Structures are given as C-alpha cells and as structure tokens.
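Only one structure is covered here, and it is reproduced in the block below.
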Amino acid sequence: MQLFHYHWWTDRAEEMESFYRQSGFETTLRVGRYNGEMHTFNPPLNWEDFRDKDIRFRIIEMVKGQTNLTFGHGKRDMFDHIGFLVTDTEYSEIINRAGELQWKVDEGERRTFISTPWKFRIELQKRREVVSEEKHPSIQAVEIHMNFREDPALVSGLLGFELTEQTNGKVTMGNEECTLIFCSSEKKETRLHSVTFLADHNFTMADTVHTKLIGRTQ
C-alpha cells in the first residue's frame with residue numbers, strides 16, 4: 001500500500017498550480033465548469049488562454065514522480081483527502097473493515113472514497129498510471145491536525161497499519177511504505193499540516209495553502 005496523493009479545495013487555484021509547477025510538477029489535467037457545462041483545459045493550454053473565462057475548476061491534477069496532487073476551486077482553503085495505491089486484496093480488506101466501522105464508502109469505477117469521522121476522506125486507487133515511473137518524490141509521511149472527537153487509532157484498524165504511538169495529543173501509525181501522524185487540535189476543521197517526501201535533495205518550504213513540504217534524501 002503506497003501513500004501517493006492529497007487533495008485541497010482553494011480559492012487560489014492558479015497560484016497553487018504555479019507553485020507546484022515551479023517545484024517540478026507537471027499539470028496533467030484541468031477540468032472546470034464553463035457556461036454551465038464541464039470542459040477540459042489541459043496543457044498545452046495555460047492560464048493566459050482562459051483566465052478571463054470565469055472557469056470554476058473542479059479538479060486540477062499535477063504529478064511528479066510517485067506523487068499525485070489534485071486541487072479544485074473552493075470558497076476557502078479546505079483539506080479534502082489523502083489517497084493510497086492499493087492491490088485488489090488490500091482494497092477488499094479495507095472496504096470490509098470500513099463496513100465494520102460503519103463508515104460511508106463511495107465506490108466508483110476509477111476510485112473509491114471512504115469518509116472518516118474527522119471530515120477528511122481516504123481514497124483507494126488501483127490504477128498505477130496516476131503516478132509516473134520516476135522514483136522521486138514519493139510521499140513518506142503526512143501529519144494531519146484534527147479534533148480527537150473520535151479515536152484516530154481507528155484509522156490504523158481500517159488500513160491495517162501498525163500503531164506505533166498513542167497519547168492524548170498524538171497518534172502515529174504506518175507500514176513499511178509510509179507513516180500517518182495525527183495531532184490533536186481544538187479547531188473543528190481538519191488540516192493537512194505537513195507532507196514529507198523521499199526526494200533527490202533536501203528541502204523545506206510551504207505551499208500556497210500553507211502545507212509544510214519536507215524533502216529528505218533518506
């Protein structure tokens with residue numbers, strides 16, 4: 001199981017795309033509503049070609065190495081979900097455990113979403129072509145800040161992860177591929193605080209929605 005993906009809603013879609021493009025990501029898809037209908041505005045089109053058309057982008061997808069990022073137009077910055085590449089066996093096991101937890105499952109032909117009690121979703125993806133063949137960057141860990149109104153350890157049970165730390169303020173879990181860190185927050189809104197990558201050079205920076213991005217060579 002590989003952690004490969006995260007998604008935001010933001011009112012700064014152009015700035016978000018520009019930031020990640022400058023960081024080496026390639027835009028692979030733009031889908032937005034224009035004149036009441038959904039259209040694609042994929043490269044080689046750029047923002048100069050459609051900035052004045054008042055497009056409400058449903059999704060912009062960007063890829064670099066083993067990392068896939070998507071974002072869409074929202075009234076404010078709002079974290080939506082993280083995504084895992086899974087095998088058929090892993091998929092079936094997770095879906096069964098979601099049913100036991102009575103968490104909502106929205107199955108689709110291209111991807112499946114599981115809704116959690118913390119108002120972020122978990123995507124299950126079986127199509128390997130959503131990432132490139134290049135190794136770097138790959139997501140090694142994410143830190144999510146949220147209200148511990150429900151026990152975050154439930155996520156380890158859902159995904160079959162080992163629970164390595166559990167306190168009143170922090171819960172850590174993972175497998176050989178990735179780590180999830182949940183930190184307690186008094187705020188109602190769940191937030192993706194940081195993403196740590198295995199990369200070809202070390203870096204620390206923040207993207208347009210203030211998620212901290214950390215690159216490590218090992």
Side-chain angles (χ1 to χ4, degrees), residues 1-11 13 16 29 31 33 38 56-61 67-127 130-131 139 141-163 166 169-175 177-195 209-211:
M1 186 187 309
Q2 177 185 344
L3 178 58
F4 81 104
H5 174 69
Y6 53 102
H7 179 96
W8 276 88
W9 301 107
T10 178
D11 60 354
M16 190 79 153
L29 176 71
V31 178
R33 183 173 295 280
M38 300 303 290
R56 187 179 181 88
F57 281 103
R58 182 68 177 81
I59 185 170
I60 297 174
E61 179 182 52
T67 300
N68 176 299
L69 160 75
T70 56
F71 48 93
H73 181 83
K75 295 181 179 179
R76 56 187 173 85
D77 298 337
M78 184 173 67
F79 168 55
D80 190 86
H81 67 268
I82 55 175
F84 293 89
L85 285 169
V86 295
T87 64
D88 288 338
T89 298
E90 290 169 338
Y91 179 90
S92 298
E93 291 173 347
I94 293 171
I95 293 301
N96 288 337
R97 290 193 287 259
E100 294 171 358
L101 290 168
Q102 297 185 337
W103 289 1
K104 180 183 176 182
V105 177
D106 183 9
E107 290 194 79
E109 292 183 3
R110 296 178 61 84
R111 55 186 177 172
T112 291
F113 288 102
I114 299 171
S115 298
T116 75
W118 305 277
K119 294 185 179 180
F120 78 93
R121 300 183 296 164
I122 294 173
E123 176 185 340
L124 304 180
Q125 176 64 256
K126 293 187 284 186
R127 298 180 300 117
V130 295
V131 295
I139 301 175
V142 296
E143 181 176 317
I144 297 173
H145 291 191
M146 62 192 193
N147 191 299
F148 280 15
R149 53 184 171 268
E150 298 282 349
D151 185 0
L154 293 171
V155 178
S156 67
L158 173 74
L159 299 175
F161 280 4
E162 178 184 0
L163 191 64
Q166 186 172 19
K170 186 177 182 181
V171 176
T172 304
M173 64 193 68
N175 61 10
E177 300 293 331
C178 59
T179 300
L180 302 183
I181 304 164
F182 297 108
C183 293
S184 178
S185 171
E186 295 182 357
K187 296 181 179 179
K188 293 182 179 180
E189 189 171 86
T190 297
R191 183 168 186 84
L192 179 61
H193 176 265
S194 66
V195 181
V209 294
H210 307 298
T211 296

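This structure is a prediction, so every number in the text was calculated from the model and none was measured.
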[X] versus [Y], closest heavy-atom pair with distance:
X	Y	answer
Arg97	Gly160	NH2-N, 3.6 Å
Ile60	Ala13	CD1-CB, 4.2 Å
Thr211	Ser194	CG2-CA, 4.0 Å
Phe161	Cys178	CZ-SG, 3.8 Å
Phe4	Val131	CD1-CG1, 3.8 Å
Cys183	Lys170	SG-CG, 4.3 Å

Side chains of [X] and [Y]: does their closest heavy-atom pair fall under 4.5 Å?
X	Y	answer
Arg121	Ser115	yes
Ile139	Ile82	no
Trp118	Val155	yes

Expected output: side-chain [X] to main-chain [Y] donor-acceptor under 3.5 Å:
X	Y	result
Gln125	Arg110	yes
Glu90	Met1	yes
Trp8	Asp77	no
Ser156	Ala153	yes

> Between atom NZ of Lys119 and atom CE of Met78, what is the distance when rounded to the nearest 0.5 Å?
Replying inline: 10.0 Å
>> Using 0.5 Å steps for rounding, measure from the CD1 atom of Ile94 to the OG1 atom of Thr89.
In response: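 Reported value, rounded in 0.5 Å steps: 11.0 Å.
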>> Salt bridge check, Asp11 against Lys75: does any charged N sit closer than 4.0 Å to a carboxylate O?
In response: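 A salt bridge is absent here (no side-chain N lies under 4.0 Å from a carboxylate O).
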>> Evaluate Asn147 against Lys188 for side-chain contact (heavy atoms from CB on, under 4.5 Å), listing each step before the verdict.
In response: CA-CA 6 Å; Asn147 191 299; Lys188 293 182 179 180; 5.6 Å; no
>> Over 60° means perpendicular and under 30° means parallel, so tell me whether Phe120 and Phe79 are parallel, tilted or perpendicular.
In response: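 Because their plane-to-plane angle is under 30°, the rings of Phe120 and Phe79 count as parallel.
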>> With side-chain contact (heavy atoms from CB on, under 4.5 Å) as the criterion, how do Thr172 and Thr179 come out once you've worked through the C-alpha distance, each side chain's angles and the decisive distance to 0.1 Å?
In response: CA-CA 7 Å; Thr172 304; Thr179 300; 3.7 Å; yes
> Taking only residues two or more places apart in sequence, or in another chain, which ones meet Glu177 in a side-chain contact (heavy atoms from CB on, under 4.5 Å)?
Replying inline: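 If we apply the side-chain contact (heavy atoms from CB on, under 4.5 Å) test to Glu177, skipping adjacent residues, the hits are Asn175.
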> Is there a side-chain contact (heavy atoms from CB on, under 4.5 Å) between Val130 and Leu85 once you walk through the steps?
Replying inline: CA-CA 9 Å; Val130 295; Leu85 285 169; 3.8 Å; yes
> Mind checking what makes ring pair (Phe, Tyr, Trp, His ring centres under 6.0 Å) contact with His193, not counting sequence neighbours?
Replying inline: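 Scan of His193 (ring pair (Phe, Tyr, Trp, His ring centres under 6.0 Å), adjacent residues dropped) gives His145.
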> Does Thr70 have any side chain to side chain donor-acceptor pair (under 3.5 Å) partners at least two apart in sequence or in another chain, and if so, which?
Replying inline: His5, His7
